Amino acid sequence: MTWKTLDDMDFAGKRALVRVDINVPVENGVVTDTSRIERIAATVDDIQAKGGKVILMAHFGRPKGQVVPEMSLEIIAPAVSDVLGLPVTFVNGDYADAVAEMEEGDVLLLENLRFNPGEEKNDEGFAKRLASLADIYVNDAFSAAHRAHASTEAIARLLPACAGRLMAEELGALEKALGSPERPVVAVVGGAKVSTKLDLLGNLVGKVDHLVIGGGMANTFLAAQGINVGKSLCEHDLADTAREILSKAESAGCEIILPRDIVIAREFKANAANETVPATECPDDAMIFDAGPETVAYINGVVDGAKTLIMNGPLGVFELEPFHAGTFAILNKIAGQTKVGKLVSVGGGGDTVAAINASGHGDEFTYISTAGGAFLEWMEGKELPGVAALG
Ligand code: AMP
């Protein structure tokens, strides 16, 4: 799929309505993490450098179509101004007047889109109202692209539309990882439950050469093969589904890699007494918390031979020492291979980003997506309405 970028548009003397994600954490009226705002700067700077005027639109929290004062973007406006180093005018109410008065270099920030019930309904009327404010529509919010909302989907059909810098960067990285990747491709999928990642596994077995299944979800696959997993987190009712995924993988020629040895404990807490045993020997009263060193060595060998890797989910309970060891050991290998230019590595999803950062390799992946739901849906092979609308 192809999409237009800022380079394909003529912004001179034009107004650009830019959908951004500045849904940042706020405590006592103060923004505590400006990372998301920093990431929109390239697009704002570029449009202004090309002679365009920027009107920002975004959501904040979940006001569900009602005006909720604590979720007003007025709270975020000063942080946007600080980070961009530009005066940012927050507008609430009569957008048309504010837009008519804009001068070159001005940045406007519209009120929380989700205060209007039309936003989440992908309402044509609301999209038309927004579209009337500008000449060009720019979507720079990949993280909101899995939702067909007025500001991500309907509006793209009303104005000339393109992807912003951040959106284009994200789509480029994802395309490189799963769209047309260099082979062999490895996917590492871990985390708590299979039930939340069924579509993901189903899509990946048809696309990658090796699929590592780790974390709590690996237990479901072990149990489905008749292996005792003791008191481990396990979705026994998904045994048939797990077996279907295994046979789909076999016919697609995708190697499924499950734990060969496991780290077990009897208490869910940091530094709980633990031991490493073969995956087939989990005692009845124990819980599996991590993959063992033999499994890690095998995975790392596969990563050594791979050209592309995509990761969503940890191999174990990485938040509790020492059960982070398996996840950190493979992250170390992935970062090393990426650094020497042998691997394209893409990771995403809330817990995955947390694990990568905790391991100290946050800057060493080729690309880390901070878009939770959108990243997952893209990995599931689903069409994202906000991206499709740019095509
Ligand atoms: P998810 O949100 O599905 O990616 O799951 C991430 C969570 O799975 C993390 O909080 C991990 O602690 C947890 N997890 C990973 N491995 C296990 C395991 N073997 N048993 C229980 N929880 C696990």
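Note that ligands are numbered from 1 as they come in the structure, with each ligand's atoms numbered from 1 the same way. Nothing here was measured: the structure is a model prediction, and the numbers come from that model.
Among protein heavy atoms, atom 6 (C) of ligand 1 sits closest to D351 OD2, 3.3 Å. For atom 8 (O) of ligand 1, the closest heavy atom belonging to the protein is A192 N, 3.2 Å. Nearest protein heavy-atom neighbour of atom 15 (C) of ligand 1: G316 O, 3.1 Å. The protein non-hydrogen atom at the shortest distance from atom 10 (O) of ligand 1 is E319 OE2, 2.5 Å.
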Give the C-alpha distance, both sets of side-chain angles, the deciding distance and a yes or no for side-chain hydrogen bond (donor to acceptor under 3.5 Å, both in side chains) between T308 and E182. CA-CA 6 Å; T308 306; E182 270 201 73; over 6 Å; no

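A salt bridge does not link E119 to R114: none of the charged nitrogens lies less than 4.0 Å from a carboxylate oxygen.
Side-chain contact between E275 and I264 is present, with at least one heavy-atom pair separated by less than 4.5 Å. With contacts defined as side-chain heavy-atom distances shorter than 4.5 Å, the pair I136/R15 does not qualify.
Atoms of ligand 1 found under 4.0 Å from any heavy atom of L233 (numbered from 1 in listed order, with element): 21 (C), 22 (N). With ligand atoms numbered from 1 in the order given, ligand 1 contributes 18 (C), 19 (N), 20 (N) to contacts under 4.0 Å with heavy atoms of I288. Within the listing of ligand 1, atoms 12 (O), 15 (C), 16 (N), 17 (C), 18 (C), 20 (N), 21 (C), 22 (N), 23 (C) sit less than 4.0 angstrom from a heavy atom of V317. With ligand atoms numbered from 1 in the order given, ligand 1 contributes 15 (C), 16 (N), 17 (C), 18 (C), 19 (N) to contacts under 4.0 Å with heavy atoms of G216.
Of the listed residues (T43, D140, D7), just one forms a side chain to side chain donor-acceptor pair (under 3.5 Å) with R165, and that residue is D7.
Ring geometry, F375 versus W378: the interplanar angle falls from 30° to 60°, so the pair is classed tilted.
Assignment of K197 to the shell around ligand 1 is supported, since a heavy atom sits closer than 4.0 Å.
For ligand 1, the polar-atom distance check finds no N/O of D290 at less than 3.5 Å from any of the ligand's N/O atoms.
Ring-centre distance between F268 and F289: below the 6.0 Å cut-off.
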